[in-house]
**Q** 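Here you go, one structure.
Each ligand, and each atom within it, is numbered from 1 in the order the structure gives. Only this structure's heavy atoms are used, side chains among them; waters, hydrogens and symmetry mates stay out. Being a predicted model, the structure only gives us computed values, none of them experimental.
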Amino acid sequence: MPGVIRSSEFKADIQVDCLIIGGGAAGLTAALAASETGATVLVAERENRLSGSTALSSGLIPAAGTKAQDKQSIADSEDIFFADIMAKNKNTADVEYVKQIVGQIPKTIDWLSDKYGIAFHVLDNFLYPGHTNHRMHTVLEKTGVGLIHRLETAVFAQDVMVATGVQVSELVVDRTDKALGAICLRPDGTNERISAAAIILACNGYGANPGLIAEHIPEMKDALYFGHSGNQGEAILWGKTLGAELLHLSGYQGHGSVAHPHGILVTWALMMEGGIQVNAKGERFSNEHNGYSEQAVSVLAQDEKIAFNIFDERLAVLGRGFDDFKKAEQSGALIKAESSENLARKLGVDPSTFYKTLAECEQYASGDQVDPFGRNFEPKKRLAAPYYAVKVTGALFHTQGGLRVNCDAKICRPNGVPFDNIFACGGAACGVSGPNVSGYLSGNGLLTALSLGEITGTKAGKMTSESY
Ligand SMILES: Cc1cc2nc3c(=O)[nH]c(=O)nc-3n(C[C@H](O)[C@H](O)[C@H](O)COP(=O)(O)OP(=O)(O)OC[C@H]3O[C@@H](n4cnc5c(N)ncnc54)[C@H](O)[C@@H]3O)c2cc1C
């Protein structure tokens, strides 16, 4: 159980200005920003390599008003992006906080690109649910692995210490709850004591902690967890012990399209561009365009907790632009048939029901009928034989609730008073999705990892250098 030790003095083995707990996108971005202030920086990562959920992710970061968007002649604005986020979370997130994040992210993307040569481009061949404009930024590889490798390379080129195999087990604070440092556990059972003038919590949320999931997100307690195993929830446990304010702990990102039993993400671009989901009866059960996050719950509510993604050759070509999709195809997750009847037989669903479902989609596309689930079927995105299917299930990707932070990304008490020198970014901080699964707009995860990463690193670094 991670703890907090209260002590008036702390004798340490190592002394740094900024201790960053966690080496994912948030921690590495914070490390770059902190090192620019001249602070000595140590990133402590419990695993033996840098990965986090960041490396498991699709690596897509939404931002409005970047140089990358300009270069691709994409018109967008912070106001439209802000409105999209607030529409998705149904105005349940803090307005000023969301404005700050939306205003920060284009600066962070441009800074990483200009200063560290991390080139971003924008996916412009489809829109993710709820986004008005093309604004998903990605590195060349279009993967989270590509993103973490590029951040790692940038960090290693700076004067930053990165220690892997270092699990921070306890925070040490004085009687006023000012952080003095932390105690770390090495895999061989030995401890290290690190004193720090500022601590940045970049250790994500509690997706890998079944007890906390059962407590805060009971609907997902039996679901597949698809995020990183290191995300054990220490940030919120420390925060709770310190009396910090925790917000929206029931919020999370789910996903309704994980190939089953292969365990590979199947891009939601298929649904946005004309694909549909049917259950084991061959019937649609939702508006696929509401969002992939809430679709996790809808899929898990179907018989055997599964659904089939139905698409065609045109969409298979689109899917092959994504590494995960290619992996799914190589793993044999795709089922292909020349006719709807053959596909239904291969899936074990009733052919006549499945045929009726496809015929209804045709009616919605031609405007003869209105989809009872409210989806707008575009005529040019009709499905055509040969057909494909992938069996999928719903999963928990990461938690969105966490520590409330102020405009300097310092964690706060319930009365709004910030802690002196404890900061939080990425999944350790409360996100911008509100308290429900449906509040997650695609990309909200890396959005706060990178934007708050830069803010925490800059603020914590400056604070420590000013104290000399
Ligand atoms: C399959 C999948 C796809 C996704 N796709 C996207 C996407 O395209 N766009 C998007 O915006 N979001 C996406 N997300 C969400 C996104 O991955 C996360 O929101 C983001 O990576 C969080 O970054 P982070 O740095 O806060 O956490 P992480 O990247 O998880 O890093 C936290 C690190 O802290 C370490 N740590 C934890 N506790 C300790 C401790 N006590 N001591 C030392 N180290 C510790 C962990 O081991 C981990 O390495 C996806 C998530 C998944 C699972």
**Q** What is the closest protein heavy atom to atom 31 (O) of ligand 1, and at what distance does it sit?
**A** G24 CA, 3.4 Å
**Q** Check each of A55, S57, C203 against atom 6 (C) of ligand 1 and report the one with the nearest heavy atom.
**A** S57
**Q** Touching ligand 1 at all, H398? Heavy atoms, strictly under 4.0 Å?
**A**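 The answer is yes: ligand 1 sits under 4.0 Å from a heavy atom of H398.
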**Q** For the residue pair S438 and K88, what are the closest heavy atoms and their distance?
**A** O-NZ, 2.7 Å
**Q** Around atom 37 (C) of ligand 1, find the nearest protein heavy atom and jot down its residue, atom name and distance.
**A** G230 O, 3.1 Å
**Q** Does any donor atom in the side chain of S35 or Q158 lie under 3.5 Å from an acceptor atom in the other side chain?
**A**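 No donor-acceptor contact under 3.5 Å links the two side chains.
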**Q** Starting from the C-alpha separation in whole Å, work towards a yes-or-no answer on side chain to side chain donor-acceptor pair (under 3.5 Å) for Q72 and D124.
**A** CA-CA 9 Å; Q72 292 176 237; D124 58 4; 3.3 Å; yes
**Q** Got a donor-acceptor contact below 3.5 angstrom from the H134 side chain to the L123 backbone?
**A** no
**Q** Which option wins on minimum heavy-atom distance to atom 52 (C) of ligand 1: F397, Y128, Y440?
**A**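 Looking at heavy atoms only, F397 sits closest to atom 52 (C) of ligand 1.
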**Q** Please work out, at 4.0 Å between heavy atoms, whether the side chain, the backbone, both, or neither of Q253 comes within that distance of ligand 1.
**A**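 The side chain, only.
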**Q** In terms of atom number and element, which parts of ligand 1 are under 4.0 angstrom from non-hydrogen atoms of I21?
**A**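 Within the 4.0 Å cut-off of I21, ligand 1 contributes 40 (C), 42 (N), 43 (C).
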**Q** Among all protein non-hydrogen atoms, which one is nearest to atom 33 (C) of ligand 1, and what is the separation to 0.1 Å?
**A** E45 OE1, 3.5 Å
**Q** Within the side chain of H121, is there an N or O that forms a donor-acceptor pair under 3.5 Å with the backbone of K142?
**A** no
**Q** Within the structure, is a non-hydrogen atom of V166 found at a distance of less than 4.0 Å from ligand 1?
**A** yes
**Q** Do Q100 and C407 come within less than 4.5 Å of each other through their side chains, counting heavy atoms only?
**A** yes
**Q** Which bit of S58 is near ligand 1, meaning a heavy atom under 4.0 Å away: side chain, backbone, both or neither?
**A** both
**Q** How close does the nearest protein non-hydrogen atom get to atom 34 (O) of ligand 1, and which residue and atom is it?
**A**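 Closest protein heavy atom to atom 34 (O) of ligand 1: G22 CA, 3.2 Å.
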**Q** Going by the atom numbers of ligand 1, which of them fall below 4.0 Å from some non-hydrogen atom of G52?
**A** 28 (P), 29 (O), 30 (O), 31 (O), 48 (C), 49 (O)
**Q** Using a 4.0 Å heavy-atom threshold (strictly under), name the region of N231 that reaches ligand 1: side chain, backbone, both or neither.
**A** side chain
**Q** What's the shortest distance from atom 19 (O) of ligand 1 to any protein heavy atom, and which residue and atom give it?
**A**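 Residue, atom and distance for the closest contact: G445 CA, 3.1 Å.
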**Q** Verify, without hydrogens or angle tests, whether W238 (side chain) and G3 (backbone) share a donor-acceptor contact under 3.5 angstrom.
**A**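 Checking the backbone N and O of G3 against the side chain of W238, a donor-acceptor pair under 3.5 Å is found.
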**Q** Would one find an N or O of V168, backbone or side chain, under 3.5 Å from an N or O of ligand 1?
**A** yes
**Q** If only side-chain N and O atoms count, and only distance matters, is there a donor-acceptor pair under 3.5 Å linking N209 with Q232?
**A**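 Side chains of Q232 and N209: no pair found under 3.5 Å.
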**Q** Going by the order shown, which atoms of ligand 1 are within less than 4.0 Å of some heavy atom of L60?
**A**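 Counting atoms of ligand 1 from 1, those under 4.0 Å from L60 are 7 (C), 8 (O), 9 (N), 10 (C), 11 (O).
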**Q** Less than 4.5 Å apart, any side-chain heavy atom of K115 and any of E36?
**A** yes
**Q** Just checking, any donor-acceptor pair under 3.5 angstrom between side chains of S7 and D174?
**A**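 No donor-acceptor contact under 3.5 Å links the two side chains.
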**Q** Ignoring hydrogens and geometry beyond distance, is a side-chain donor-acceptor pair present between N89 and S433 at under 3.5 Å?
**A** no
**Q** To which protein heavy atom is atom 21 (O) of ligand 1 closest, and what is the distance rounded to 0.1 Å?
**A**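 So the nearest neighbour among protein heavy atoms is T54 OG1, 2.9 Å.
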**Q** Taking only heavy atoms of F226, which atoms of ligand 1 are found under 4.0 Å from at least one of them?
**A** 1 (C), 53 (C)
**Q** Using a 3.5 Å cut-off on N or O atoms only, is P62 in polar contact with ligand 1?
**A** no
**Q** Would you tell me whether T190 and D188 have side-chain atoms, one donor and one acceptor, within less than 3.5 Å of each other?
**A**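 Yes.
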**Q** Go through ligand 1 atom by atom and flag the ones less than 4.0 Å from a non-hydrogen atom of G426.
**A** 26 (O)
**Q** Within the 4.0 Å heavy-atom shell around L446, which atoms of ligand 1 are there?
**A**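 Listed by number with element, the hits are 9 (N), 10 (C), 11 (O), 12 (N), 19 (O), 20 (C), 21 (O).
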**Q** Could you pull out, from H137, E47, R46, K142, the option with a heavy atom nearest to atom 43 (C) of ligand 1?
**A** R46
**Q** Does N204, backbone or side chain, put an N or O under 3.5 Å from an N or O of ligand 1?
**A** yes
**Q** Which atoms of ligand 1 are found less than 4.0 Å from any heavy atom of E234?
**A**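 In order of numbering, the contacting atoms are 38 (N), 41 (N).
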**Q** Among all protein heavy atoms, pick the one closest to atom 32 (C) of ligand 1 and tell me residue, atom and distance.
**A**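 For this ligand atom, the closest protein heavy atom is A202 O, 3.5 Å.
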**Q** Can you list the atoms of ligand 1 that are under 4.0 Å from a heavy atom of A44?
**A** 43 (C), 44 (N)
**Q** Could you check whether E215 and Y206, counting side-chain N and O atoms only, form a donor-acceptor pair closer than 3.5 Å?
**A** no
**Q** Which protein non-hydrogen atom lies closest to atom 26 (O) of ligand 1, naming both residue and atom, and how far is it?
**A**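 Here the closest protein heavy atom is G427 N, 3.0 Å.
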**Q** Do the non-hydrogen side-chain atoms of E78 and K99 ever get within less than 4.5 Å of each other?
**A** no
**Q** Is the closest N or O pair between A26 and ligand 1 shorter than 3.5 Å?
**A**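 Yes, since at least one N or O of A26 sits under 3.5 Å from an N or O of ligand 1.
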**Q** Would W238 count as a polar contact of ligand 1, with the cut-off being nitrogen or oxygen pairs under 3.5 Å?
**A**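 Min N/O separation from ligand 1 is not below 3.5 Å for W238.
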**Q** Going through the checks in order, is the side chain to side chain contact (heavy atoms under 4.5 Å, CB included) test met by I199 and N421?
**A** CA-CA 6 Å; I199 291 186; N421 59 349; over 6 Å; no
**Q** Could you tell me if Q295 and E288 have a donor-acceptor pair between their side chains, going purely by distance under 3.5 Å?
**A**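 The answer is no; no qualifying pair exists.
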**Q** Do C184 and I194 have side chains that get closer than 4.5 Å, going by heavy atoms?
**A**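 The answer is yes, as the side chains (C-beta and beyond) meet within the 4.5 Å cut-off.
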**Q** Would C425 count as a polar contact of ligand 1, with the cut-off being nitrogen or oxygen pairs under 3.5 Å?
**A** no
